[in-house]
Amino acid sequence: MTSEIVTPKELQKMDPVFGQLSFDNHEQVVFCNDKDTGLKAIIGIHNTVLGPALGGTRMWKYANEWEALNDVLRLSRGMTYKSAISGLNLGGGKAVIIGDAKTDKTPELIKKFGEYVHSLSGRYITAEDVGTTTPDMDMIREITPYVTGISESKGGSGNPSPVTAYGVYMGMKAAAKYQFGSDNLDGKNILVQGIGHVGETLVGLLIAEGAKVQIADINENRLQEVSTKYGASIFTGADLYSATVDIYAPCALGATINDDTVYKIQAKVIAGAANNQLANEQVHGKILQERGICYAPDFLINAGGIINVYGEIVGYGKEEAKRRTENIYDTTLEIFREAELQKITTHQAALSIAEKRIALRKKENANRL
């Protein structure tokens with residue numbers, strides 16, 4: 001009996017979901033298509049052991065459907081561990097809508113998407129993400145109760161971005177404490193890549209503490225706007241990954257730490273809001289460790305947003321959301337110490353804690369049967 005090596009492309013032809021390299025025992029993947037509104041969306045439910053799968057809906061102009069599927073699989077998996085390590089009784093899910101949010105998004109499309117969310121009967125609860133907004137969530141709320149991050153005027157917690165940024169700030173300060181001996185960011189050179197809602201709020205927090213902040217983004221108008229508003233410098237170098245800075249904060253899309261960049265990075269700390277920052281969690285996490293770069297696991301420090309919207313489900317307010325988000329500081333330090341003790345990467349340490357909580361709950365659920 002002989003075996004042949006099957007390439008990822010061949011796997012995709014054989015099996016569109018299970019053959020994906022990002023598929024990680026996902027419980028359910030839902031493909032949504034509506035000709036009348038132009039909706040093409042994918043909902044990924046990774047794990048519901050701890051509770052219903054909660055995660056935002058991203059609208060993005062993907063190059064192709066494979067790219068969209070890969071993104072929703074990686075993102076939904078990350079949400080499982082984000083909720084688990086934050087102590088929330090939530091599972092991991094995510095949704096992507098294929099299209100340009102600036103030109104393709106219509107109220108009809110958003111509401112139709114809400115119908116698909118509702119059809120899952122609460123197994124998946126949506127929220128905003130890149131390309132979607134609080135008003136979008138308000139429209140979805142007209143269709144289904146399985147949505148969070150709705151307007152405060154409608155009884156929701158509003159835009160989760162400020163709380164997400166605050167959690168990243170807490171994680172960054174913890175990383176600075178571990179790497180530099182002090183969590184004081186005054187005078188530290190910090191490069192923030194991506195200045196959307198979360199990135200901009202983070203810039204404001206860093207500038208207020210006295211950090212020397214450089215910003216990078218593909219949107220030139222946003223660069224000028226944020227630079228003028230906060231006094232941040234616009235990065236003008238040829239390669240931002242090679243920039244001589246103390247801290248690199250990736251706050252745009254994921255996988256910026258990859259084969260092309262991992263050896264270029266000069267920063268001693270990586271702490272940002274982007275999901276799935278490591279293109280290859282094991283390989284690139286290990287290289288960062290070997291190079292003495294302190295990496296704050298993304299699914300830990302960017303959990304402020306889900307902590308905030310979770311309040312809509314269990315009934316706590318903004319002050320409690322902020323208190324819980326501040327705990328990211330202590331958890332981040334705990335992860336660093338555990339990684340050092342076990343001689344593993346910080347990503348592995350964070351993943352281990354999250355997986356242990358899920359395994360324990362799974363055992364408890366089985367014992368109840």
Side-chain angles (χ1 to χ4, degrees), residues 32 41 43-46 48 50-60 71-72 75-76 78-80 82-83 86-97 101 105 107 109-118 120 122-168 194 196-202 251 273-275 298-299 301-325 328:
C32 315
I43 299 172
I45 298 175
H46 177 251
T48 57
L50 295 175
L54 192 154
T57 295
R58 173 172 295 185
M59 187 167 185
W60 190 257
D71 204 28
V72 79
L75 289 168
S76 56
M79 293 305 298
T80 293
K82 185 180 300 190
S83 290
S86 302
L88 307 181
N89 292 321
L90 292 171
K94 204 78 175 184
V96 298
I97 297 175
K105 186 166 61 176
L109 181 145
I110 292 296
K111 289 181 179 180
K112 177 58 67 172
F113 174 73
E115 292 180 19
Y116 282 101
V117 172
H118 191 68
L120 294 171
R123 276 179 56 79
Y124 170 66
I125 302 171
T126 196
E128 71 174 84
D129 199 280
V130 177
T132 60
T133 64
T134 301
D136 293 333
M137 298 307 110
D138 290 344
M139 278 191 282
I140 292 175
R141 185 64 180 81
E142 296 174 16
I143 307 299
T144 180
Y146 306 123
V147 57
T148 56
I150 59 176
S151 299
E152 293 181 66
S153 62
K154 297 181 182 295
S157 58
N159 184 355
S161 298
V163 189
T164 301
Y166 186 64
V168 173
H197 295 305
V198 175
E200 178 184 346
T201 304
L202 179 62
C251 295
N275 290 304
D298 48 49
F299 66 84
I301 70 170
N302 68 11
I306 197 167
I307 291 171
N308 187 62
V309 298
Y310 184 58
E312 293 183 32
I313 298 174
V314 298
Y316 60 69
K318 283 190 172 296
E319 289 305 312
E320 177 62 13
K322 184 177 181 180
R323 185 193 69 78
R324 292 188 181 209
T325 301
I328 289 175

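Because the structure is a prediction, the values reported are computed rather than measured.
- Judged by distance alone, with hydrogens and angles left aside, the side-chain atoms of T201 form a donor-acceptor pair with the main-chain N or O of H197 at under 3.5 Å.
- Counting heavy atoms from C-beta on, the side chains of N302 and V198 never come closer than 4.5 Å.
- The side-chain contact (heavy atoms from CB on, under 4.5 Å) test applied to D129 returns R58, K94, T132, not counting sequence neighbours.
- Rounding to the nearest 0.5 angstrom, the gap separating the CD1 atom in I307 from the OG atom in S157 is 12.0 Å.
- Within the 4.5 Å cutoff, no side-chain heavy atoms of Y116 are placed close to those of T144.
- For the pair Y124 (side chain) and G55 (backbone), a donor-acceptor distance under 3.5 Å is present.
- Within the 4.5 Å cutoff, the side chain of L54 has no heavy atoms near those of the Y310 side chain.
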Determine, step by step, whether I313 and I125 satisfy the side-chain contact (heavy atoms from CB on, under 4.5 Å) criterion, reporting the C-alpha distance in whole Å, the side-chain angles of both residues, the deciding distance to 0.1 Å, and the verdict. CA-CA 10 Å; I313 298 174; I125 302 171; 4.0 Å; yes

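- Atom CZ of R324 is separated from atom CD1 of I306 by 12.0 Å, given to the nearest 0.5 angstrom.
- Smallest separation of non-hydrogen atoms from P162 and N159: CD-O, 3.3 Å.
- At a threshold of 4.5 Å between non-hydrogen side-chain atoms, the residues I150 and E312 count as touching.
- Nearest heavy-atom pair across G131 and K105 is O-NZ, 2.9 Å.
- Of the possible donor and acceptor atoms, none in the side chain of E152 sits under 3.5 Å from a partner among the backbone N and O of G158.
- Taking CG of L202 as the reference point, atom OG of S161 lies at 12.0 Å (rounded to 0.5 Å).
- Separation of atoms CG (L75) and OG1 (T57) is listed at 11.0 Å; rounding is to 0.5 Å.
- For T148 (side chain) and T126 (main-chain N/O), a donor-acceptor pair under 3.5 Å exists by modelled atom type.
- Inter-residue side-chain proximity for V96 and W60 is flagged as unmet; no heavy-atom pair is nearer than 4.5 Å.
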Quick one: do M79 and H46 satisfy side-chain contact (heavy atoms from CB on, under 4.5 Å)? Show the steps, please. CA-CA 8 Å; M79 293 305 298; H46 177 251; over 6 Å; no

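- For the residue pair A274 and D298, the shortest heavy atom distance occurs at O-CB, 3.2 Å.
- With hydrogens and angles disregarded, no donor-acceptor distance shorter than 3.5 Å links the side chain of N308 to the backbone of G305.
- Summarising the geometry of A273 relative to C251, their closest heavy-atom pair is N-SG, 3.6 Å, with the distance given to 0.1 Å.
- Put simply, the side chain of L109 reaches to within 4.5 Å of the side chain of I97, judged on heavy atoms.
- Heavy-atom minimum distance, G122 versus P52: O-CB, 3.3 Å.
- Listed for the E115 side chain is no donor-acceptor partner under 3.5 Å among the backbone atoms of I143.
- Taking both residues in full, the closest heavy atoms of Y146 and V117 are given as O-CG1, 3.5 Å, listed atom of the first, atom of the second, then distance.
- The pair E320-R323 counts as a salt bridge, with a side-chain nitrogen and a carboxylate oxygen less than 4.0 angstrom apart.
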Report the C-alpha distance between L88 and L50 in whole Å, list the side-chain angles of each, state the deciding distance to 0.1 Å, and finish with yes or no for side-chain contact (heavy atoms from CB on, under 4.5 Å). CA-CA 8 Å; L88 307 181; L50 295 175; over 6 Å; no

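- Judged by distance alone, with hydrogens and angles left aside, the side-chain atoms of S151 form no donor-acceptor pair with the main-chain N or O of S153 at under 3.5 Å.
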Just do the side-chain contact (heavy atoms from CB on, under 4.5 Å) check on M59 and D136 with the steps written out, would you? CA-CA 11 Å; M59 187 167 185; D136 293 333; over 6 Å; no

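- Note: F299 CZ to S86 OG = 9.0 Å, rounded to the nearest 0.5 Å.
- Atom CD1 of residue I110 and atom CG of residue D138 lie 11.5 Å apart, to the nearest 0.5 angstrom.
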